[in-house]
Amino acid sequence: MNTAATQTLAPMPASAPARGKRRDDPKLELWIAWWVTIAFYNIFTIAFFILSRTQPPPKAWWHLPRIVQWFDDNHFGILFGFAMMFLIVGFSIAANALIAQSMRRMSVSPMFAYSYLIIYSLAGVPGMLLTCIALTVGAMRPDRDPKLLSLLYDMGFLSFSGTMGIFLIGSLVWGIAIVLDNNRVLPKWFGYMNLSNALTEVVVAPCVIFKAGPLAWDGSIAYYINMVIFGIYTGAFIMLLRNMIMREDFGSGVLPVLEKPPRR
Amino acid sequence: MTNVVSAGLGRSSGGLNSKAETELRASVIPGQPDIWVLVLLEAFTFSSYFVVYMIYRMRNPGLYLHSQAQLSLQLGVVNTIVLLTSSWSMARCVQSARAGDYGIALRDVSLTILLGLVFTVSKLFEWVTKTQAGLTFTSNEFFMFYYFLTGMHLLHVLMGFVFLGVVVYQLSSPARRSQEVIETGATYWHMIDFLWVIIFALLYVMR
Amino acid sequence: MAISASARSVLTWFGLCAITLISWWLGTHHEQGSFAPNAAVTLSVIGIAAIKVRVIFREFMEVRNAPALLRHLTDAWLGLSVAALVAAYLITRPLAGT
Amino acid sequence: MKSVNGELLVFWSLPVVGLIWVLAFLTFPGFVHPMSPTMTAEQVAAFYRDPGNLPRIRGSMIVFNWFGVALIPFLVLIVMQIRRMAHRTPVLAFCFLGCVAGGPTLFCMADLFWLIAAFRPERAPELIQLFNDLAWVTFTGQVGFLVAQSVFLALAIYLDRQPRPVFRPWVAHFNLAIAAALAPAAFVALALDGPFAWNGLLSFWVKNTAIAVWIVVMAVVLGQAIYRQRRENGVPA
């Protein structure tokens, strides 16, 4: 746990029974959600970038023999990496719950928090699990007809962009809530940045049309430039949520600014 | 990051009207400084699209030149003038609101919206005529970039109408009129303008 | 301080439109037909676009009165973008064998 | 105070729905003796072409499609109890609520893959095998939302800091044990035989038993919590 950070908090009501200090930290539930988010993204990175080698994605224009070879080369990585994703997919909800909580803390209608939570609750199904299922089924029988392997390959990589609407509308919901909020829960510039993230989901759409070039699923625009924006966005919101938890005062007014930790 | 932005760019509230205060405006950003994070992020994103376009273009310049001949340079020039004028009337809107002439400001922003609509309609008209001529998103690489870049830009224009709508909402009642919100909307609209200037140069004019 | 803010914006607008017409002229009136590769036209067009973008930043978006950080950031973006575009144009051009 | 009207109706529908689930489970011929992943494409096709199997496959999967989703109201009753716990924020309730639709939705997908495989049994055996694989991997491997919701529930119970908690601590330990029992099924595709294969000890018997036990035990403790809540609020039980 982030003890260094929690020590800088404003003093909390000391009425809670003294039975193990950490368990009585009233922010523990928020920190758990934050750390689960960190753990999820790390395991996601290991499974997709290192084990299965599905990120960065292989080429959309490959022909049958090359696709079969790709399944062969990554047989164990796909099966093991995606088994890990099957196991932990539900923990992706922690980030969405924390983001919904940020909106409950804002001076906006609770509808924003609930819309966001519902929009994102099944984001993992079209955006990740279908990819994992298709590629797992492909990898588990290497002797399958190459034409069927190629079908599963296309299904896998096209499904990976299947969350277009979820991220588009979800980012707009969060962004609008931040811009309208008067409690200064999250900075306005991050609200506007949600617009940039929403647009990446428009940019990715042509990957269902082009089999090669910058707009294909492995293309410089549809994949690499988008990934940079998504990376900046994800890094920003993880740090901002951490900041938000540190500032949390369990009130309903303006969220206080973080006090600088005293230097010793 | 919050601290960097607010300390580096910062000013917290708008609504400065009198002349003396106008003098004090030296070294401040109009509107919320936060909007500049979006402007710069989108600027860098579009720049990377432009560089990708240039690299692909130079692999096959003949195809691009031949395809460019199918575009109407005149329409591109008209589009540019329309957007430049809309930006100008938006700048006037900010000046008028700053001076307290809210009626004139409302007229200026209405002109901006009108010109934005003209731009949108002319873009749709251009797409329809090109599509009818058999030049579609998948026709060749140039037209892929053409529809992609103009489409992404038009999406920003459509979102710009939301910002302008908020400006109209602010101006239309004495109870609101936040100079900060008006200036934020203006900054967003000018972004549309400068992005188009580069798209016009790269798609229509360069050889 | 000779001119009012209003006159200044009119002049800005007029200058931007005039320079747009120059790029139009560049696009239509030059040797060997309009649709042949031409580095001079391309570089001038990119240069003109850069000038227009900078004028929009400085005048319409009032960056000229903004803190140094923003002035430098906008100039840095513009400089980087133009440099990258020109570099992409000049470096990959010989490969195309036009 | 929030109204609790109707919660008992949903709660007491569970035994009926549970009976339907058990009957549908026993009707599907692929569950009684779980199909082996080592079956060849021809053997898989023969399974679907068998006139004795076909109506049972279709019937059981239609019933599952109808009533699988009935798990969600039951899970939302648990959310209602999490909201009564002594937490400072609703974040753990949001975590659980975000998970509740995941399990039934993924089960619904597996259900559809089975129905598609059974729709034209005369299709090429490789294609029937493909959909059979998709169905079994989705059915067996997709334990993620169930694991996460058990862990989130356990955390919520541990952090329910009040003299008389909504659920007693052993319910939290029990949920972690169930999460551990479900976990191996995620690795279903790594082996075509042995305990991890989709007809194996861990992936089939342990996993499905764990789900059944979880539903029964949670129903009992949930019923106690609901009745206690009604007594405390003076609602006639």
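All heavy atoms count here, side chains included; hydrogens, waters and symmetry mates do not. Lettering of chains follows the sequences in order, A, B, ..., and the numbering in each one begins at 1.
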Is it the backbone or the side chain of [X] that comes under 4.5 Å from a heavy atom of chain D, or both, or neither?
X        : result
A:Phe82  : neither
A:Ile118 : neither
A:Ala33  : side chain
A:Ile78  : neither

Quiz item: Just by modelled atom types, is the D:Thr89 backbone N or O under 3.5 Å from a matching donor or acceptor in the A:Glu29 side chain?
Solution: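 Yes, the answer is positive, given that a donor and an acceptor are paired below the 3.5 Å cut-off.
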
Quiz item: So A:Phe86 and D:Phe187, ring pair (Phe, Tyr, Trp, His ring centres under 6.0 Å) or not? Walk me through it.
Solution: CA-CA 8 Å; A:Phe86 291 160; D:Phe187 297 84; 9.0 Å; no

Taking side chain as C-beta onward, heavy atoms only, is [X] less than 4.5 Å from [Y]?
X        : Y        : value
D:Leu182 : A:Leu87  : no
A:Val137 : D:Phe113 : no
A:Ile93  : D:Phe96  : no
D:Gln142 : A:Ile133 : yes
D:Val91  : A:Arg104 : no

Quiz item: For D:Pro90 and A:Gln101, which heavy atoms make the closest approach, and how far apart are they?
Solution: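 Where D:Pro90 meets A:Gln101 most closely, the heavy atoms are CD-OE1, 3.1 Å.
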
Quiz item: Under a 4.5 Å heavy-atom cutoff, which of A:Ala139, A:Cys132, A:Ala97, A:Gly124 has the most pairs with chain D?
Solution: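 Of the options given, most contacts go to A:Ala97.
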
Quiz prompt | chain A contact via D:Leu130 - which portion, at a heavy-atom distance below 4.5 Å | solution = both

Quiz item: Is atom CZ of D:Arg84 surrounded by more than 12 heavy atoms (other residues, nucleotides or ligands) closer than 6.0 Å?
Solution: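 Yes - once you tally the heavy atoms of other residues, nucleotides and ligands closer than 6.0 Å, there are more than 12.
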
